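Since the model is a prediction, treat every value here as computed from it, not as a measurement. All ligand and atom numbering here is 1-based and tracks the order in the structure. The figures here come from the full heavy-atom set of this structure, side chains too, leaving out hydrogens, waters and symmetry mates.
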Amino acid sequence: AALLEIRNLKKVYNDGTTALQGVDFKVDRGEFVVVIGSSGAGKSTLLRCINRLVQPSEGSVMFNNMDATKASHSQVRKLRREVGMIFQGFNLIERVSVLTNVLHGRLGYMNQLMGTLGMFSKHDIEEAKKILHRLGLHQQIYKRADELSGGQQQRVGIARALSQQPQLILADEPIASLDPVTSETIMNHLHTICQEDGITCVVNLHQVEVAKKYATRIIGIHKGTVAFDGKPDELSDEV
Ligand code: ADP
Ligand code: ADP
């Protein structure tokens, strides 16, 4: 079965804006899907419907055969443990160390208080350090998150998501605020995670060229509907 199956998804916000309509697609395990579309197309709403940051108006989002749109409070928590999220603005806890940020991903938000009290286990700390090594952040482990460059902060974001051991990673414009060289580094890390760890990735981008370079599949969103769904080489450059 598909890891993710979106059926007839619709989202109308309270102010009457229709952000998504009639969206249908499946994602299999191991895919590296890039969702492209211009600003306001509905990409961010789409990702947020998957981990229930947004409640869709109609349709279903099946994740591992569970309908995320009907998930109970505890099922939403389980869903968010299995779905790692990476943001354009990194969303790190600025005043604490890189290591603590990653540990919070590992333990989940329910356990943040324990972390604040210094109750991370030795094993958790070792695992978090291993992930930071892998992302080339071994020299930044004890730095405050807000002392890092944008590219380093996004690598912390990736490390935090990885430390959850998720089945799916959703990245919402992860390179939108980074320069082209740093962007390549971030995309390479995401690609490696998908290939080596088998973690399925769905990445929102607005740069078609970057999408074509990394995606195994591209979904084009235009005005809230799927305008393209296929292999990168089937997509013309004008889209
Ligand atoms: P994208 O990520 O492709 O830029 P979004 O999903 O952010 O697109 O936005 C899709 C549409 O929904 C836009 O018209 C946007 O202004 C609107 N929108 C997004 N969030 C909200 C919200 N909370 N309330 C009302 N409209 C929203
Ligand atoms: P992003 O950088 O993800 O595109 P935005 O700046 O579009 O974020 O939106 C920031 C927040 O405002 C989000 O929570 C989004 O859902 C909400 N939002 C976006 N567009 C609108 C809108 N037209 N009306 C109300 N809220 C909106």
Option whose closest heavy atom lies nearest to atom 14 (O) of ligand 1, chosen from Asn14, Thr17, Leu20:
Thr17
Over 60° means perpendicular and under 30° means parallel, so classify the ring planes of Phe32 and Tyr214, tilted if in between.
tilted
With a 4.0 Å cut-off on heavy atoms, is Gly42 in contact with ligand 1?
yes
Any idea which of Val35, Thr45, Thr18, Leu46 brings a heavy atom closest to atom 6 (O) of ligand 1?
Thr45
Identify, by atom number and element, the atoms of ligand 1 in contact range of Lys43, meaning under 4.0 Å from any of its heavy atoms.
1 (P), 2 (O), 3 (O), 4 (O), 6 (O), 8 (O)
So, are Lys231 and Asp233 salt-bridged, with charged N and O less than 4.0 Å apart?
no
Has Ser97 got a side-chain atom pairing as donor or acceptor with Lys143's backbone, closer than 3.5 angstrom?
no
Decide whether Ser60 and Asp67 meet the rule of one side-chain donor and one side-chain acceptor closer than 3.5 Å.
no
For Gln167 and Arg29, test the side chains for any donor-to-acceptor distance below 3.5 angstrom and give the result as yes or no.
yes
Atom indices of ligand 1 within 4.0 angstrom of Ser38 heavy atoms, with elements
3 (O)
Looking only at non-hydrogen atoms, the one of Ala19, Ala41, Ser44, Ser39 nearest atom 7 (O) of ligand 1 is Ser44
